[in-house]
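Here is the structure we will look at.
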Amino acid sequence: QVQLVESGGGLAQAGGSLRLSCAASGRLAGLYAVGWFRQAPGKDREFVATINWTGTSTYYSESVKGRFTISRDNAKNTVYLQMTSLKPEDTAVYYCAAGRFGYTATDFSSWGQGTQVTVSS
């Protein structure tokens with residue numbers, strides 16, 4: 001089982017940037033694909049981005065493509081989500097998850113507790 005802890009959330013202005021981190025611990029933590037999801041109030045959890053365990057393949061939702069970048073540092077067992085050109089509609093709780101390389105919640109078996117991102121207009 002992999003344990004995940006997100007950090008880096010907070011308040012940003014529209015057009016600004018934030019970088020989220022997802023620190024993983026546990027056996028074989030570096031061998032999992034990691035995905036980022038988000039959930040806004042009253043909405044379903046939605047896929048944001050994912051990266052395979054080597055960091056050589058990534059996939060993004062259309063809503064963040066070109067603005068967000070996912071990366072990983074396996075030496076630190078940490079995955080990052082660099083968010084730029086933020087929009088108020090990016091406001092949500094962001095979750096990282098570990099599992100197989102995919103873009104649905106069922107592809108991932110371990111989840112963090114989430115970090116709040118709020119973008120003001």
Spatial distance of atom CD (Gln113) from atom CD (Gln3) [nearest 0.5 Å]: 12.0 Å
Within-4.5 Å side-chain heavy-atom neighbours: Gln13 and Val119: no
Check: Arg38 and Lys43 side chains under 4.5 Å, non-hydrogen atoms: no
Tyr80 and Cys22: CA distance, side-chain angles, deciding distance, side chain to side chain contact (heavy atoms under 4.5 Å, CB included) verdict: CA-CA 6 Å; Tyr80 305 98; Cys22 173; over 6 Å; no
Nearest-0.5 Å distance that lies between atom CG in Asn77 and atom OG in Ser25: 8.0 Å
Side-chain heavy atoms of Leu81 within contact of Thr69, under 4.5 Å: no
Any donor-acceptor pair under 3.5 Å from Arg72 side chain to Gly55 backbone: no
Members besides Phe101 in its Ile/Leu/Val/Met/Phe/Trp/Tyr cluster (side-chain heavy atoms under 4.5 Å): Phe37, Phe47, Tyr59, Val93, Tyr95, Tyr103, Phe108, Trp111
Smallest separation among heavy atoms of Leu4 and Ala97, with atom names: CD1-CA, 3.6 Å
Thr50 (side chain) donor-acceptor with Val34 (main chain) under 3.5 angstrom: yes
N/O donor-acceptor pair under 3.5 Å between Thr56 side chain and Thr54 backbone: no
Closest non-hydrogen atom pair between Thr91 and Gln116, with its separation: CG2-NE2, 4.0 Å
Arg67 backbone acceptor or donor facing Thr84 side chain under 3.5 Å: yes
Shortest non-hydrogen contact between Ile70 and Tyr60, atoms and distance: N-OH, 2.9 Å
Heavy-atom side-chain contact between Leu20 and Glu6 under 4.5 Å: no
Side-chain heavy-atom pair Glu46, Asp44 within 4.5 angstrom cut-off: no
Contact list for residues 94-115, test salt bridge (charged side-chain N to carboxylate O under 4.0 Å, His left out), sequence neighbours left out: Arg100-Asp107
Main-chain N/O of Gly9 paired with Thr115 side-chain donor or acceptor, under 3.5 Å: yes
Residues Tyr94, Met83; criterion side chain to side chain contact (heavy atoms under 4.5 Å, CB included); working and verdict: CA-CA 12 Å; Tyr94 283 70; Met83 306 185 294; 3.9 Å; yes
Any side-chain heavy-atom pair of Ile51 and Val79 under 4.5 Å: yes
Check: Ser17 and Gln82 side chains under 4.5 Å, non-hydrogen atoms: yes
